[in-house]
Amino acid sequence: MPGFFITFEGGEGSGKTTQLKALLAHVRTLQGDAVQTHDPGGTAIGNQVRELLLHGDNVRMSALAELFLYEASRAQLVQEVIRPALTAGRIVLCDRFTDSSVAYQGYGRGLDLDLVDRLNAVATGGLRPDLTFLLDLDPVVGLARAARRLAQPSQRRDRLEDERLEFHQRVQAGYRTLAAREPDRVVILDATQGIVELGARIRGYVDRRLRAAENGRATESRAR
Ligand code: TMP
């Protein structure tokens, strides 16, 4: 029985992690062993790669080296966590995935979009999310929210948050373009809505899509 793969995407300070956690609580009422993970990271190896990627000292990292590192972490995450969970029929919620590389390394850094797509396909073995929530937010607002979070003692500023505003504007535009290309998979949500309202909307989408997937499977098995 195939599982169901949901990803959350968005710029800095878009609130996607908060929404992922809220959805996890809901999904666990439906399937107790639903999995939560994040990209980059989510495995012991991936977390070491994440540290390299986000460390503020690594300012001289080339755009291509950066892309390869994200893909390396993702390849490990897919093999070790995501594929096995989906094969076991579990629902997987992932904080960022391949679309982040398209938005940040493709549109943000200006790397060739075909190259990013090809490396995404190789790293994931062609795995694509069933459903993606894009929390769309003006980076001026998002970076201000992220800055407030950084004012808390345990938080550290990461290398990408240090990028200039224009970089984050390209990322937002890139996200909107990729969402427009795949309207069936990517749901764009206005991230200025309240946390509770946004959460209810996301739950609504997920419930509908899970029911549709369930009905599709029932029809398939009757046809067999
Ligand atoms: P996070 O703070 O949401 O965990 O994401 C870490 C940073 O990594 C964030 O600035 C976005 C960036 N990123 C990329 O540039 N490319 C990618 O493929 C991924 C997954 C994240």
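We count ligands from 1, going down the list as the structure has it; atoms in each ligand are counted the same way. Side-chain atoms are counted along with the backbone in the values below, which use heavy atoms only and exclude waters and symmetry mates. For clarity, every value in this text was computed on a predicted model and none was experimentally measured.
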Heteroatom distance test (D39, ligand 1): nitrogen or oxygen, under 3.5 angstrom
no
To atom 3 (O) of ligand 1, the nearest of R96, E71, H168 on a heavy-atom basis is R96
Out of all atoms in ligand 1, which are within 4.0 Å of some heavy atom of K16? Include the element for each.
3 (O)
Determine, for F97 and R74, whether the Lys NZ or Arg CZ falls below 6.0 Å from the six-membered ring centre while staying within 45 degrees of the axis.
yes
What protein heavy atom lies closest to atom 18 (O) of ligand 1? Include the residue and the distance to one decimal.
S101 OG, 2.6 Å
Options R109, E9, E12, ranked by nearest heavy atom to atom 10 (O) of ligand 1, top entry:
E12
Could you see which bit of T98 sits under 4.0 Å from ligand 1, with heavy atoms only: side chain, backbone, both or neither?
neither
CG of D190 to CG of L137: how many Å apart, nearest 0.5 Å?
8.0 Å
Relative to each other, are the rings of Y205 and F133 parallel, tilted or perpendicular (30° and 60° limits)?
perpendicular
For the residue pair L77 and G42, what are the closest heavy atoms and their distance?
CD1-CA, 3.9 Å
contact_flag H38 ligand 1 heavy-atom lt 4.0 Å:
no
Under 4.0 Å between a Lys/Arg side-chain N and an Asp/Glu carboxylate O for E163 and R109?
yes
With a distance cut-off below 6.0 Å to the six-membered ring centre and an angular limit of 45° from the axis, does R164 pair with F167 as a cation-pi contact?
no
Contact check: R74 vs ligand 1, nitrogen or oxygen atoms, below 3.5 angstrom
yes
Part of E66 with heavy atoms under 4.0 Å of ligand 1, whether side chain, backbone, both or neither:
neither
